[in-house]
Colleague: 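Can you read through this structure? Questions will come right after.
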Amino acid sequence: MFEGDMEDGELEIGQVSALIDDILPVEVVFNQLLKEFEEVKMPAF
């Protein structure tokens, strides 16, 4: 997993898939991302 060895290494994927509740359009996801960013961004000095 850490060395990039896809033959003998370990690849962990899918653990978070149980947390997916909705399949949303990219526009909705992006707008939510921007909204959350605006809520937490630090003011410029």
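Here the structure is a predicted model, which is why all the values come from computation and not from measurement.
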Colleague: Tell me the side chain to side chain donor-acceptor pair (under 3.5 Å) pairs involving residues 19-28, sequence neighbours left out?
Modeller: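 Non-adjacent pairs meeting side chain to side chain donor-acceptor pair (under 3.5 Å): zero.
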Colleague: If you take all heavy atoms of Ser17 and Gly14, which pair is closest and at what distance?
Modeller: OG-O, 2.6 Å
Colleague: Drop me the distance from Glu38's CD to Leu33's CG, to the nearest 0.5 angstrom.
Modeller: 10.5 Å
Colleague: Using the test side-chain contact (heavy atoms from CB on, under 4.5 Å), find all partners of Val40 that sit at least two apart in sequence or belong to another chain.
Modeller: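 With neighbours one apart ignored, the set is empty.
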